[in-house]
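Below: one structure, written as structure tokens.
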Amino acid sequence: MKPDILVLGSMWSQEMRDQLRQSFACHFMDAIPGAGDASLETIAGGIRAVLTTGMIGVTPELVASLPALEIVSVNGVGVDAVPLALLADKGIHVTNTPDVLTDDVADFAVTLLLSTVRRLPLLDRYVRDGKWPARAPLTHARSLKGKVAGIVGFGRIGQAVAQRLQGFGMEVRYFQRSAGPAPEQRSSSLLALAEESDMLVLCMPGGADTRHMIDARLLEALGPEGTLVNIARGSVVDQDALVAALRDGRLGAAGLDVFEDEPNVPQALFGLDNVVLTPHVGSFTVEARRAMGRLAVANLVAHFNGEPLPTPVV
Ligand code: NAP
């Protein structure tokens, strides 16, 4: 008999749904179920696995309502929406999909940095709105070459971003808790990194440990000529402080792919020309999403075959 699994979210491709149905009895739920959800109640007792996304995760209430749960497979690398300690206590495995998305997310971080520094959306609007023939004034953008890129979180994605930015002639510095692969490039603190950098790219995980690490003082240190790019998680930035700093010109510009309360983005950002906004699409390519999906399914298949998990979260 195929194991019963709960699949959360509405974004699964037909290819992935077909793959899942080959091995599992799938129960698809578009909404995030809570305890007492009538349709969930009828199947909860038999659910042995949950397949979810990095953004949806699982709640402690959902975990409590699934007595037969053995594994949570996250289709994404960030696991900040998963109660890891609770699952570990219960002996429930957690897997994610690292590496297969790294290059596309790093490409996107660089895209966002260039779009922000060179003001791509503003220039596009300038042409569409007919301002070019009218010779409406434009201010010069800034170049990347010779500038310092500060990377917060020098892991898989952070290092891939660094490689790319070095190709643009930037000096790369970073901050994270451990020494990392190039200790001579590591700043002594996050504040020191912000002071030393022209552009800060956030690549650390979300969650309680990193919540609001980028606060008003950090933004002040980056300064009116500074640019912030966030492809990490909205929670790592104090969003109110960010909006105020951008509005008042105390921070030069920001490129933001992630927000504190997605999909809600502060209205105050919509009117600012020094901001580029994207809807959490760092890994949103055909190739990355296909590879992530396959890996998320492979983790479930391995578990139920009694084989080692390809990518357990440790
Ligand atoms: P990773 O390889 O685990 O790298 C994370 C790095 O962050 C590590 O080197 C870690 O080093 C550092 N870090 C952890 N806690 C820190 C702290 N408190 N202060 C400073 N640095 C800290 O993960 P990854 O694959 O690069 O992914 C990074 C994150 O990107 C994910 O967790 C996810 O949230 C985000 N992401 C976003 C998108 C998107 O669509 N926008 C897509 C994919 C991933 P230390 O432990 O030594 O501090």
Side-chain angles (χ1 to χ4, degrees), residues 9 11 52-57 74-82 84 94-113 115-116 150-165 172-183 185-194 197 200-215 218 228-238 254-260 262-263 265 276-289 291-293 295-296 311-314:
M11 72 304 292
T52 186
T53 70
M55 288 316 296
I56 295 174
V74 178
N75 186 40
V77 69
V79 288
D80 47 300
V82 175
L84 293 177
V94 180
T95 61
N96 64 349
T97 62
D99 297 315
V100 294
L101 45 54
T102 296
D103 285 323
D104 282 353
V105 178
D107 287 350
F108 191 74
V110 174
T111 303
L112 200 45
L113 177 61
S115 299
T116 307
I151 297 181
V152 188
F154 207 56
R156 290 172 291 247
I157 295 170
Q159 290 177 43
V161 171
Q163 261 181 6
R164 286 156 175 73
L165 294 183
V172 168
R173 300 198 58 74
Y174 67 88
F175 178 75
Q176 63 177 10
R177 294 164 303 178
S178 60
Q185 288 171 245
R186 181 173 173 266
S187 296
S188 56
S189 68
L190 183 55
L191 186 59
L193 182 72
S197 301
L200 214 53
V201 185
L202 307 182
C203 302
M204 68 287 228
D209 286 353
T210 55
R211 187 171 183 277
H212 287 192
M213 264 177 78
I214 308 299
D215 59 11
L218 255 293
L228 180 78
V229 167
N230 189 6
I231 58 93
R233 283 288 185 263
S235 62
V236 305
V237 177
D238 179 340
L256 307 171
D257 185 44
V258 286
F259 303 87
E260 278 206 276
E262 294 173 8
V265 175
V276 178
L277 307 169
T278 55
H280 199 148
V281 287
S283 67
F284 194 59
T285 63
V286 170
E287 292 82 358
R289 289 295 168 94
M292 290 161 67
L295 187 50
T311 47
V313 173
V314 284

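Start at 1 and go down the list; that is how both ligands and their atoms are numbered. All values derive from a computational prediction rather than experimental measurement.
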Handout entry: Proximal candidate to atom 7 (O) of ligand 1 [heavy atom criterion; set Pro205, Gly158, Gly155, Gly282]
Key = Pro205
Handout entry: Close N or O approach (Thr102, ligand 1; < 3.5 Å)
Key = no
Exercise for the section: May I ask you to decide if Phe259's main-chain N or O and Glu262's side chain share a donor-acceptor pair within less than 3.5 Å? Expected result: yes
Fill in the blank from the handout: Nearest non-hydrogen protein atom to atom 33 (C) of ligand 1, with distance, is Arg233 NH1, 3.8 Å
Problem - Test side-chain hydrogen bond (donor to acceptor under 3.5 Å, both in side chains) applied to Arg164 - qualifying residues, sequence neighbours left out - result: Asp103, Asp107
Problem - Candidate with minimal heavy-atom separation from atom 23 (O) of ligand 1, of Met204, Arg156, Met55 - result: Arg156
Handout entry: Closest protein heavy atom to atom 42 (C) of ligand 1, given as residue, atom name and distance to 0.1 Å
Key = Val105 CG2, 3.5 Å
Exercise for the section: Return yes if some donor-acceptor pair links the side-chain N/O of Asp104 with the main-chain N/O of Ser283 below 3.5 Å, else return no. Expected result: no
Cut-off 3.5 Å, no hydrogens considered: what does the side-chain donor-acceptor table look like for residues 200-213, sequence neighbours left out?
unit_1, atom_1, unit_2, atom_2, d
Thr210, OG1, Pro205, O, 2.7
Thr210, OG1, Gly207, O, 3.4
His212, NE2, Glu260, OE2, 2.8

Problem - atom 27 (O) of ligand 1 - nearest protein heavy atom and its distance - result: Ile157 CD1, 3.4 Å
Practice task
Run the contact test for Cys203 against ligand 1 with a 4.0 Å cut-off on heavy atoms, strictly below, and give the result.
Solution key: yes
Handout entry: Which residue and heavy atom of the protein sit nearest atom 18 (N) of ligand 1, plus the separation
Key = Thr210 CG2, 3.5 Å
Practice task
Starting from atom 19 (N) of ligand 1, find the nearest protein heavy-atom neighbour and note its residue, name and distance.
Solution key: Met213 CE, 3.4 Å
Completion exercise
atom 35 (C) of ligand 1 sits nearest the protein heavy atom Ala232 O, 3.6 Å
Fill in the blank from the handout: Looking only at non-hydrogen atoms, the one of Gln176, Arg177, His280 nearest atom 14 (C) of ligand 1 is Arg177
Handout entry: Heavy-atom nearest neighbour in the protein, as seen from atom 38 (C) of ligand 1, with distance rounded to 0.1 Å
Key = Ile231 O, 3.6 Å
Problem - Gln159 heavy atom under 4.0 Å from ligand 1 - result: no
Problem - N/O separation below 3.5 Å, Asp80 to ligand 1 - result: no
Exercise for the section: Between Phe154 and ligand 1, find which residue part has any heavy-atom pair under 4.0 Å and reply side chain, backbone, both or neither. Expected result: backbone
